[in-house]
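Written out below as structure tokens is the structure these notes cover.
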Number of protein chains: 2
Amino acid sequence: MPRSAARPAARTLPSPDMLAEGAGAPPCSSDDLIELLFFAYRDFVGDPDRILAEYGFGRAHHRVLHFVDRYPGLTIAELLDILRITKQSLNRVLKDLIEQGYIAQKTGTSDRRQRLLYCTQTGAALAGDLTRVQTRRLTRALAAPAAAASPENFLLAMIEPDERAAVSRLMARRGQQGAA
Amino acid sequence: MPRSAARPAARTLPSPDMLAEGAGAPPCSSDDLIELLFFAYRDFVGDPDRILAEYGFGRAHHRVLHFVDRYPGLTIAELLDILRITKQSLNRVLKDLIEQGYIAQKTGTSDRRQRLLYCTQTGAALAGDLTRVQTRRLTRALAAPAAAASPENFLLAMIEPDERAAVSRLMARRGQQGAA
DNA sequence: GAAATATGTCAACGAAACTGACGTAATCGG
DNA sequence: CCGATTACGTCAGTTTCGTTGACATATTTC
């Protein structure tokens, strides 16, 4: 197995505690960043998911609601370009949001073919709740002095605190045991 | 609409060009980070997706292959804890990877109930290809002097270069036009 | 007036998650 | 040693959210 032999010797990941202190940026392979990005994103979308479930909505609804809230007057074409999905996919979730009163459409003024999208008050309130939990995680992560120092510290700080130790423990395992 | 009135005045996002120079870290709201994380992650998983499609695999296969490659001897239970999916979901993709010779199982020695997972040579090769494209993006992003300076610069640098301008243009729009 | 554009919609399909129930082999605890 | 627990596999059905392909309609543009 040539590839496993090519694995570099394990370098140390900053311990979770270091995030509290004003630690520097210890070396960290970009391989580690791949996983940290996975874990950070997993927890990052996990927060809003719990709220959305109460409304019977999913992540697709979240994305639409978020961008319409943040960029009022967005057209369908712009939204499609942002989300990179087909109009059929978009239409399914957009229809839900419109029918249930979270998003409203307005015919474009300069081009009457366009449907400009806006959040209703209810929609803006829900979008605000969703943004809040994500902002809370980000703010908490950025509050760690080490977080701004390096991408890996930032991503580690984005992970749910209870799970940071488990992630660090796992990542400390790389290249160890396990020969077939 | 109380919420839109509460929106802070638009602060400037670092321009895409600034990533090439040794720019400092201009202020950036955590609202911006939410979107940057979305765009960065979208492009980050887009690279391997193209390769996986050639093999008839999806992202679920990628995640399994990645963690088994990186942590040889991983058990099913550990993998379930990492991925946070049900064993039924895991089993579907794992079965594909085993049947097609990318992953092999070994009965645990200390506990014979466990199935220890290992990549075959073919599996390790594919995992390597997938890691390579993601590492390339990460390395390129980290090479930008400004990237290490702040999370927002790092995330912006992770976005596909061709699209950075479009993202910046979009984000510069916040709070502008669009009153109903 | 013809062509292109922006959007909506019907129908079928596929990937990848979910729930709930049940089976089997191995380990553990008394 | 036997019953309970654990680790894993599997059958069956459902949901979310993406896909393709085709076609309709209103509006703008040339």
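Below, chains carry the letters A, B, ... as their sequence lines are ordered, and counting in each starts from 1. Heavy atoms only: backbone and side chains are in, while hydrogens, waters and symmetry mates are out.
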### Query
Is any side-chain N or O of A:Ser89 closer than 4.0 Å to OP1 or OP2 of D:dT19?
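For D:dT19, OP1/OP2 do have a side-chain N/O of A:Ser89 under 4.0 Å.
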### Task
May I ask you to evaluate whether A:Thr86 reaches the phosphate of D:dT19, defined as a side-chain N or O under 4.0 Å from OP1 or OP2?
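For D:dT19, OP1/OP2 do have a side-chain N/O of A:Thr86 under 4.0 Å.
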### Message
Quick check against the 3.5 Å criterion: does A:Ser30 have a side-chain atom that pairs as donor or acceptor with the backbone of A:Leu33?
### Response
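No; judged by distance alone, with no hydrogens or angles, the pair does not exist.
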### Query
Hey, does the side chain of A:Arg42 reach the backbone of B:Ile82 with a donor-acceptor pair shorter than 3.5 angstrom?
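Yes: the side chain of A:Arg42 pairs with the backbone of B:Ile82.
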Expressed as a whole number of angstroms, how long is the span from [X]:[atom1] to [N]:[atom2]?
| X | N | atom1 | atom2 | value |
| --- | --- | --- | --- | --- |
| A:Asp96 | D:dT15 | CG | C1' | 13 Å |
| A:Leu117 | C:dA6 | CG | C1' | 12 Å |
| A:Phe57 | D:dT16 | CZ | C1' | 13 Å |
| B:Arg84 | C:dA16 | CZ | P | 20 Å |

Report yes or no: is there a donor-acceptor pair, N or O only, under 3.5 Å between the side chain of [X] and the base of [N]?
| X | N | result |
| --- | --- | --- |
| B:Arg92 | C:dA17 | yes |
| B:Gln88 | D:dG13 | no |
| A:Arg113 | C:dT5 | yes |

### Query
Given that A:Ser110 and B:Ala77 both sit by DNA chain D, which one's nearest nucleotide is further toward the 5' end?
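Checking each residue's closest nucleotide, the 5'-ward one belongs to B:Ala77.
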### Task
Scan B:Gln105 against the nucleic acid and name what it touches under 4.0 Å (heavy atoms): base, sugar-phosphate only, or nothing.
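Sugar-phosphate: the residue B:Gln105, judged by heavy atoms under 4.0 Å, touches backbone atoms but no base.
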### Message
By the 4.0 Å heavy-atom rule, please label B:Arg59 as base, sugar-phosphate, or nothing.
### Response
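Contact class for B:Arg59: sugar-phosphate only.
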### Query
Minimum heavy-atom separation for A:Leu80 to A:Ile85, with atom names?
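Between these two residues, the closest heavy atoms are CD2-O, 3.5 Å.
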### Query
Picking from C:dA6, C:dG8, D:dG9, which would you name as closest to the side chain of B:Lys87?
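Comparing C:dA6, C:dG8, D:dG9 against the side chain of B:Lys87, the answer is D:dG9.
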### Message
Let's see if you can work this out: which of C:dA16, D:dA7, D:dC17 has an atom nearest to the side-chain heavy atoms of A:Arg63?
### Response
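Shortest atom-to-atom distance from the side chain points to D:dC17.
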#### Entry: B:Ile34 CD1 to A:Arg137 CZ distance, which is reported to the nearest 0.5 Å
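Output value for this atom pair is 11.5 Å.
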